[in-house]
Amino acid sequence: QVQLVESGGGLVQAGDSLSLSCAASGRTFTINPMAWFRQAPGNEREIVASIGWNGARQYYTDSVKGRFTISRDNAKNAVYLQMNSLKSEDTGVYYCAGSSSVGFTIRPTDYNYWGQGTQVTVSS
């Protein structure tokens, strides 16, 4: 099994920056792509960004391109999300996820490991 624990959420003002971290433990060698998802009240969970095992492949949803950066450190079994120029629409619960998929994927159903989520609130 794999356990994922997020940290770094909080309340910030629009335009501020925030950095999220996710620490993986357990059978981490089974993890290939990792991703950050978010869910706002009343909305479905959506992918924010994903990253392949060696970091070469990355995906960002359109609304965060140029503002968010995903990275990972396999030696530390960690994945990060740097969020700059935050907007009120970035508010939501952010989830770290890991996939044992052989290839790169952005499909939520391919992610079989999930953290408990961390709240990000951006006030306007």
Side-chain angles (χ1 to χ4, degrees):
Q1 268 292 15
V2 172
Q3 295 78 42
L4 302 176
V5 179
E6 304 96 338
S7 61
L11 171 63
V12 296
Q13 293 188 335
D16 286 350
S17 297
L18 202 59
S19 181
L20 304 183
S21 299
C22 173
S25 60
R27 297 169 59 89
T28 56
F29 60 88
T30 65
I31 301 176
N32 185 3
M34 296 194 75
W36 288 94
F37 290 79
R38 68 186 177 190
Q39 187 167 20
N43 291 357
E44 294 185 354
R45 191 174 298 187
E46 64 170 348
I47 190 167
V48 176
S50 60
I51 186 168
W53 189 87
N54 63 2
R57 288 199 69 178
Q58 297 183 10
Y59 167 86
Y60 296 91
T61 193
D62 286 345
S63 63
V64 308
K65 286 180 180 177
R67 300 188 298 121
F68 289 12
T69 303
I70 190 171
S71 60
R72 66 189 292 172
D73 185 336
N74 293 330
K76 296 182 178 179
N77 294 315
V79 64
Y80 309 98
L81 186 68
Q82 177 65 39
M83 305 184 292
N84 298 328
S85 302
L86 283 161
K87 304 176 181 180
S88 57
E89 51 262 45
D90 294 318
T91 294
V93 178
Y94 282 69
Y95 298 90
C96 171
S99 171
S100 54
S101 171
V102 174
F104 185 76
T105 179
I106 63 172
R107 295 184 301 189
T109 52
D110 288 337
Y111 285 81
N112 42 334
Y113 306 120
W114 293 84
Q116 81 288 351
T118 185
Q119 177 70 45
V120 172
T121 304
V122 184
S123 64
S124 57

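The chain is numbered in sequence order, starting from 1. Atom set for the values below is all heavy atoms of this structure, side chains included, hydrogens, waters and symmetry mates excluded.
- Annotation: side chain of Asn112 is not in contact with side chain of Thr30 (no heavy-atom distance under 4.5 Å).
- Taken to the nearest 0.5 Å, the OG atom of Ser123 stands 10.5 Å off from the CG atom of Leu86.
- Between Trp36 and Cys96, the closest side-chain pair of non-hydrogen atoms falls below 4.5 Å.
- We find the CZ-CG distance between Phe37 and Leu81 to be 12.0 Å, quoted to the nearest 0.5 Å.
- Looking at Ser99, its side chain does come within 3.5 Å of a backbone N or O of Asp110 through a donor-acceptor pair.
- Note that CG of Asn74 and OG1 of Thr28 are 9.0 Å apart. Values are rounded to the nearest 0.5 Å.
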Discussion item. Let's go through Tyr59 and Phe104 carefully: what are the C-alpha distance in whole Å and the side-chain angles of both, what is the deciding distance for ring-ring contact (aromatic ring centres under 6.0 Å, His included) to 0.1 Å, and is it a yes or a no?
Written reply: CA-CA 10 Å; Tyr59 167 86; Phe104 185 76; 7.5 Å; no
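- The closest donor-acceptor contact from the side chain of Glu6 to the backbone of Gly117 lies under 3.5 Å.
- Not one N or O on the side chain of Asp73 forms a donor-acceptor pair closer than 3.5 Å with the backbone of Ala78.
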Discussion item. With side chain to side chain donor-acceptor pair (under 3.5 Å) as the criterion, how do Tyr80 and Gln82 come out once you've worked through the C-alpha distance, each side chain's angles and the decisive distance to 0.1 Å?
Written reply: CA-CA 7 Å; Tyr80 309 98; Gln82 177 65 39; over 6 Å; no
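- Contact between Pro33 and Gly103 at its shortest, heavy atoms only, is CG-O, 3.7 Å.
- Not a single donor-acceptor pair under 3.5 Å links the side chain of Arg57 to the backbone N or O of Gly52.
- Looking only at side-chain heavy atoms (C-beta outward), Met83 and Val48 stay at 4.5 Å or farther from each other.
- Judged purely by atom type and a 3.5 angstrom limit, Asn32 uses its side chain to pair as donor or acceptor with the backbone of Val102.
- Contact record, Leu18 with Gly10: CD2-N, 3.9 Å, taken as the closest heavy-atom pair.
- The two residues Asn84 and Ser17 have their closest heavy-atom pair at OD1-OG, 2.9 Å.
- At least one side-chain heavy atom of Cys22 sits under 4.5 Å from a side-chain heavy atom of Val79.
- Gln116 and Leu4 get closest at one heavy-atom pair: OE1-O, 3.6 Å.
- Considering only heavy atoms from C-beta on, Tyr111 comes within 4.5 Å of Thr105 through its side chain.
- Of all heavy-atom pairs between Ile51 and Ser71, the closest is CD1-CA, 3.7 Å.
- In the hydrophobic clustering of this structure, Ile47 does not group with Leu20; members are Ile, Leu, Val, Met, Phe, Trp, Tyr whose side-chain heavy atoms approach within less than 4.5 Å, directly or through other members.
- The structure places CG of Asn77 at 8.5 Å from OG of Ser25, a figure rounded to the nearest 0.5 Å.
- At a threshold of 4.5 Å between non-hydrogen side-chain atoms, the residues Glu89 and Val122 do not count as touching.
- Inter-residue side-chain proximity for Arg38 and Asp90 is flagged as met; some heavy-atom pair is nearer than 4.5 Å.
- Here the side chain of Thr118 pairs no donor or acceptor atom with the backbone of Tyr94 at under 3.5 angstrom.
- Under the 4.5 Å side-chain heavy-atom criterion for ILVMFWY residues, a single connected hydrophobic cluster contains both Ile106 and Tyr95.
- Here the side chains of Ile31 and Met34 are in contact, with some heavy-atom distance below 4.5 Å.
- The CZ atom of Arg72 sits 10.5 Å away from the CD atom of Gln58 when rounded to the nearest 0.5 Å.
- Note on Val12: it clusters hydrophobically with Phe68, by side-chain heavy-atom contacts below 4.5 Å among ILVMFWY residues.
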